[in-house]
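First up is the structure itself, then whatever we jot down about it.
Quick note: numbers below take in every heavy atom, side chains included, and nothing from hydrogens, waters or symmetry partners.
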Amino acid sequence: MASSLILPSVSLKKTPLNYSQSLKTQKFSSFFGFKNGGNLRIKSHGARVFMSVTAGSPSQTAVDDALFSDYKPSCAFLFPGQGAQAVGMGAEVQNVPAAAALFKKANDIMGFDLLEICINGPKEKLNSTVLSQPALYVTSLAAVEILRAREGGQQIIDSVDVTCGLSLGEYTALAFAGAFSFEDGLKLVKLRGEAMQAASDAAQGAMVSVIGLDAEKVQTLCDAANEEVSEDERVEIANFLCPGNYAVSGGVKGIEAVEAKAKSFKARMTVRLAVAGAFHTRFMEPAVSRLEAALATTKIRTPRIPVISNVDVQPHADPETIKKILARQATSPVQWESTLKTLLDKGLNKSYELGPGKVIAGIMKRINKTAEIENISA
């Protein structure tokens with residue numbers, strides 16, 4: 001998918017890593033021409049490149065969405081999605097001023113003490129869609145600051161040349177990569193949680209993990225279940241997590257049919273997920289328009305490193321394309337298995353899971369037992 005966007009002229013120089021940076025990319029060397037006589041020059045400095053944009057008129061430049069298409073990953077930051085939250089997360093934040101500062105900013109946006117709920121719960125409140133998504137976003141970025149404060153942590157952060165996140169975690173990854181500010185990302189995530197909860201309230205749905213079957217057999221199971229329910233209760237695979245673990249979303253009756261038939265398809269077990277509704281399916285369509293409206297007014301920049309999309313397993317550079325992808329993500333299946341396999345096939349050496357729990361580490365090991373991954377919690 002290629003597209004372009006007209007942007008103001010900018011000049012970017014090497015600066016310390018933070019969430020508001022943009023356009024510092026991986027190993028890459030090229031020269032691009034822009035409209036109105038402007039040019040973008042990319043200069044390599046070791047393993048990184050820095051972009052300088054000039055334009056011949058009031059500063060109009062175009063971003064090639066395929067800018068990162070030839071990325072070669074070596075070190076990745078991976079961010080968890082909804083379901084990884086647990087009461088007690090964020091406890092380390094109070095010992096790291098930069099991490100604590102993120103929660104202070106979050107409190108101003110949320111209107112209450114988010115860290116208090118993360119640490120002390122109650123569990124039911126933290127697990128709600130409207131709270132778990134902002135809580136995971138902030139806690140995962142706080143984990144970056146906790147890593148930064150450790151000896152050698154800044155060197156690890158500087159070595160990261162690709163990032164991605166599971167569902168909600170894609171927003172965290174984009175914030176880390178400088179596509180939008182911490183504050184703007186939190187506002188988007190807050191609205192996303194509210195919009196997904198509202199969509200769930202409007203049409204009752206559910207999700208279930210099917211354990212022990214490959215993706216093709218899970219699809220066959222969904223087809224069999226759909227033969228027994230009405231059109232508005234139909235189910236589909238929503239999360240392609242890893243071999244033997246795929247999440248199915250849809251109407252409650254459709255999910256019940258999947259659970260009833262799973263054993264006959266030789267599934268080891270099914271686990272009903274504690275979520276508000278049928279995420280990553282057509283059931284979330286009402287949330288899309290709200291996301292589109294919020295994204296339209298959010299300043300999004302080209303990420304400084306590739307951020308792999310859940311929707312198409314591609315890194316996008318064009319801010320307008322990123323907005324469209326994020327809106328589509330709510331109703332599209334999460335291609336997490338393909339994402340991790342692609343990174344590994346491209347030569348990924350080391351990964352870090354930033355945030356609570358070790359869900360992503362577990363998935364990574366299911367895909368490749370020898371993959372090196374470390375959890376950095378908060």
Side-chain angles (χ1 to χ4, degrees), residues 78-93 99 102-103 105-107 109-144 164-176 182-183 185-201 204-209 238-239 241 247 249 271-281 283-284 286-287 290-291 294 310 326 329-330 334 336 353-363 375-378:
L78 310 176
F79 295 97
Q82 189 174 348
Q85 72 276 356
V87 173
M89 70 184 197
E92 284 190 55
V93 162
L102 294 182
F103 272 94
K105 291 179 182 179
N107 294 347
I109 292 170
M110 300 296 293
F112 55 84
D113 192 339
L114 183 62
L115 183 57
E116 167 67 20
I117 296 172
C118 287
I119 295 176
N120 298 314
K123 179 180 177 180
E124 295 72 22
K125 192 171 186 179
L126 181 61
N127 283 349
S128 67
T129 298
V130 295
L131 276 182
S132 62
Q133 295 195 23
L136 281 165
Y137 172 86
V138 179
T139 304
S140 294
L141 290 175
V144 176
C164 53
L166 178 58
S167 188
L168 155 77
E170 187 169 336
Y171 286 76
T172 320
L174 285 163
F176 170 72
F182 168 81
E183 294 86 349
L186 180 56
K187 290 172 185 176
L188 285 173
V189 168
K190 179 176 181 290
L191 179 137
R192 182 181 187 265
E194 293 168 351
M196 291 175 72
Q197 181 63 60
S200 298
D201 293 342
Q204 293 300 308
M207 294 183 72
V208 63
S209 283
N239 289 347
L241 295 174
S249 278
V271 180
R272 185 74 71 99
L273 302 180
V275 296
F279 296 165
H280 296 291
T281 68
F283 283 73
M284 292 294 107
R290 291 182 63 183
L291 278 169
N310 282 201
L326 287 178
Q329 191 219 53
V334 176
W336 192 245
E353 177 179 11
L354 282 296
K358 296 183 179 180
V359 173
I360 289 177
I363 292 173
N375 174 262
I376 307 295
S377 64

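- Ring to ring, Phe79 and Tyr137 are not that close: their centroids are 6.0 angstrom or more apart.
- Formation of a donor-acceptor pair under 3.5 Å by the Asn107 side chain with backbone atoms of Leu114 is found in this model.
- Between Ser167 and the options His280, Gln133, Gln82, a side chain to side chain donor-acceptor pair (under 3.5 Å) holds for only His280.
- The residues Lys358 and Glu353 are annotated as not salt-bridged, no charged nitrogen and carboxylate oxygen being separated by less than 4.0 angstrom.
- The closest side-chain donor-acceptor pair between Ser128 and Gln197, if any, does not fall under 3.5 angstrom.
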Quiz item: Going through the distances and angles, do Glu194 and Lys190 end up as a salt bridge (Lys or Arg N to Asp or Glu O under 4.0 Å)?
Solution: CA-CA 6 Å; Glu194 293 168 351; Lys190 179 176 181 290; 2.9 Å; yes
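- Between the side chain of Ser140 and the backbone N or O of Leu354 there is at least one donor-acceptor pair closer than 3.5 Å.
- Between the side chain of Thr139 and the backbone N or O of Gly355 there is no donor-acceptor pair closer than 3.5 Å.
- Under a 3.5 Å cut-off, the side chain of Glu170 and the backbone N or O of Asn310 do form a donor-acceptor pair.
- With sequence neighbours left out, the side-chain hydrogen bond (donor to acceptor under 3.5 Å, both in side chains) criterion links Ser200 to no other residue.
- Without hydrogens or angle criteria, Tyr171 side chain to Gly165 main chain gives no donor-acceptor distance under 3.5 Å.
- For Asn120 (side chain) and Val87 (main-chain N/O), no donor-acceptor pair under 3.5 Å exists by modelled atom type.
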